[in-house]
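A quick write-up on the structure given underneath.
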There are 2 protein chains.
Amino acid sequence: MRQLRRPAGRPPQPLLSSARITSAALKLIGRSGYRGLTMAALAKSLNVATSALYNHVNSKQDVLLLVEDHLMGRVDVSAFSNQPWETAVSMWAHSYRQVFASHLPLIPVIALLPVTDAPRTITMYEAVTQGFLTAGWPAERIIDAIVALESFIYGSAYDVNAPTNIFDAGTQVPHSPNFSAAVARRGNLAGANNADAAFDMGLKALIQGLAAGVSAEMGAATAGLH
Amino acid sequence: MRQLRRPAGRPPQPLLSSARITSAALKLIGRSGYRGLTMAALAKSLNVATSALYNHVNSKQDVLLLVEDHLMGRVDVSAFSNQPWETAVSMWAHSYRQVFASHLPLIPVIALLPVTDAPRTITMYEAVTQGFLTAGWPAERIIDAIVALESFIYGSAYDVNAPTNIFDAGTQVPHSPNFSAAVARRGNLAGANNADAAFDMGLKALIQGLAAGVSAEMGAATAGLH
DNA sequence: TTCACTAAATGAATGACGTTCATTTAGAAT
DNA sequence: ATTCTAAATGAACGTCATTCATTTAGTGAA
């Protein structure tokens with residue numbers, strides 16, 4: 001079945017928009033991964049010439065930013081409004097990691113690009129900040145704590161995609177006896193994925209450590225120490 | 001000054017080797033960053049045809065793996081042999097982050113590729129594992145703890161390269177009052193880089209939390225609880 | 001209404017880049 | 001000696017992102 005060829009020139013109704021591009025990009029990523037996300041394939045899936053995309057985005061990076069911000073809307077921050085701080089942070093972090101574990105190429109985008117053009121991302125941060133404030137965190141410390149948690153989440157998202165044999169030392173096993181033994185013993189405990197176990201362990205430690213750190217500081221402040 | 005053109009055919013002395021390629025790649029990265037690291041530029045810096053590289057590596061990924069493993073040798077693990085566990089982990093983590101903060105494109109390589117062909121990486125893990133064992137960590141938990149720490153380190157390496165205005169909400173400031181206020185207050189405290197503050201805060205928390213978690217578990221085990 | 005301007009499409013062209021292949025030459029192994 | 005393999009050259013390929021001239025349609029000002 002051949003398609004009618006659309007003539008050149010502005011169409012009566014616009015064929016493209018940021019929203020349409022974002023949606024098509026997400027479908028394409030779902031179907032063929034980030035390797036399949038090319039400007040040509042994206043245009044084709046929208047039944048449009050490749051160059052038409054550049055009337056709506058300045059670069060492929062822009063497309064990635066659109067996708068990133070859309071996905072940020074899927075990160076669940078609801079726990080910050082009805083759960084204690086520790087629980088809320090844990091639920092948020094789990095959701096955050098889950099959303100981006102299948103979108104690793106976005107991590108450099110999130111981590112390095114200003115949030116200015118990412119409204120949903122800003123909304124997410126606002127909810128998280130509110131949760132921290134409600135829990136009594138001093139404003140001065142909140143961003144650093146969020147950044148620390150996010151750093152852990154990004155790294156953990158990579159780890160979700162690590163192959164199971166990533167720590168296989170191969171021929172070097174004799175030269176790394178302690179390490180290789182530890183690798184062999186890993187996961188000898190009940191169930192669950194290795195990546196999940198490491199994430200849960202680290203997240204619990206981080207949350208507990210952050211809480212301890214900030215409460216110590218506040219205690220000191222209250223006591224007038226500095 | 002024109003170069004003599006080398007004729008085709010195997011030269012009496014090999015012009016290339018893994019070591020030479022690694023060294024040239026590192027120099028090139030230092031001079032022009034990862035954007036400048038192309039197979040063509042790499043070959044040119046070695047005064048060799050591009051295709052000659054493929055007699056020694058199978059792909060550009062291979063080059064990245066060579067560089068990665070070389071850099072792993074720069075990560076300082078010495079503290080594990082003469083410092084208490086908390087100090088050693090902290091020093092190792094700082095060194096690890098510093099080494100890779102200027103090599104972000106390697107992070108997916110480290111995080112996702114088996115260590116099998118990375119001998120220095122294995123050596124690093126062996127030293128870290130020994131440090132954990134000496135501190136009394138149960139073998140079953142060590143790899144998960146290392147993975148958790150590494151995840152945090154990778155994410156923090158990205159953060160080192162984040163622009164200072166990354167959290168600038170721009171026109172959306174009115175819609176994110178708490179977040180924007182927290183961003184404004186960040187770094188109101190003495191000196192230091194924002195990224196460094198977040199890293200120190202998170203690392204301290206993580207180390208403390210991991211220590212607390214494992215000692216609780218060991219205490220329970222000692223007491224015969226399970 | 002007309003006219004200039006801008007928005008949004010097409011399709012051709014460009015320029016990087018990674019990678020492959022036929023070919024050549026030299027060392028190594030039988 | 002002869003054969004096999006290692007290691008080089010240079011040409012060619014295919015994939016991409018991006019740009020540009022061109023076309024057409026809506027929009028706002030005179």
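Chain letters run A, B, ... following the sequence lines, proteins first and then strands; every chain starts at 1.
Between B:Y125 and A:F179, the two ring planes are parallel [angle under 30°; tilted spans 30° to 60°].
OP1 and OP2 of C:dG27 both lie 4.0 Å or more from every side-chain N or O belonging to B:R10. Here A:H56 does not reach the OP1 or OP2 of C:dA7: none of its side-chain N or O atoms lies under 4.0 Å away.
For B:D159 and A:S151, the side-chain atoms include no donor-acceptor pair closer than 3.5 Å. A donor and an acceptor atom, one from each side chain of B:N178 and A:T129, are nowhere located under 3.5 Å apart.
Only B:P14, B:L15, B:L16, listed by number, bring a heavy atom of residues 14-25 of chain B to less than 4.0 angstrom from any atom of DNA chain D.
To the nearest angstrom, C1' of C:dG11 lies 15 Å from OH of A:Y54. Here C:dA8 presents its P atom at 18 Å from CG of A:N47, a figure rounded to the nearest Å. The distance from atom NZ of A:K60 to atom C1' of D:dT15 is 11 Å, rounded to the nearest whole Å. Rounded to an integer number of Å, the gap from A:K44 NZ to D:dC16 P is 12 Å. In this structure, B:L64 atom CG and C:dT19 atom C1' are separated by 15 Å, rounded to whole Å.
Taking the six-membered ring for Trp, B:F100 and B:Y154 have ring centres at least 6.0 Å apart.
In the interface, the side chain of A:N55 is paired with the base of C:dA9 through a donor and an acceptor atom under 3.5 Å apart.
Ranked by how close their nearest DNA chain D nucleotide is to the 5' end, A:Q13 and B:T50 are led by B:T50. Nearer to the 5' terminus of DNA chain C, by closest-nucleotide assignment, is the contact made by A:P7 (compared with the other of A:P7 and B:P11). Of the two residues near DNA chain C, B:M39 and A:A49, the one whose nearest nucleotide lies more 5' is A:A49.
Residue contacts for B:S59: at a heavy-atom cut-off of 4.0 Å it reaches the sugar-phosphate backbone alone, with no base atom in range. Across all strands, A:L42 comes closer than 4.0 Å to no nucleic acid atom at all (heavy-atom distances).
Nearest nucleotide to the side chain of B:A8, out of C:dT19, D:dA17, C:dT24: C:dT24. Checking C:dC21, C:dA9, D:dA7 against the side-chain heavy atoms of B:S51 singles out C:dC21 as nearest. If you check D:dG10, C:dC17, D:dG26 against the side chain of B:T38, the one that comes closest is C:dC17.
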What's the verdict on side-chain contact (heavy atoms from CB on, under 4.5 Å) for B:L37 and B:L64, showing C-alpha distance, side-chain angles and the deciding distance? CA-CA 10 Å; B:L37 179 65; B:L64 294 180; 3.9 Å; yes
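The cationic atom of A:R97 (NZ for Lys, CZ for Arg) lies less than 6.0 Å from the six-membered ring centre of A:F199 and within 45° of the ring axis.
Tested against A:L106 for a side chain to side chain contact (heavy atoms under 4.5 Å, CB included), the candidates A:V67, A:L113, A:L65 yield a single pass: A:V67.
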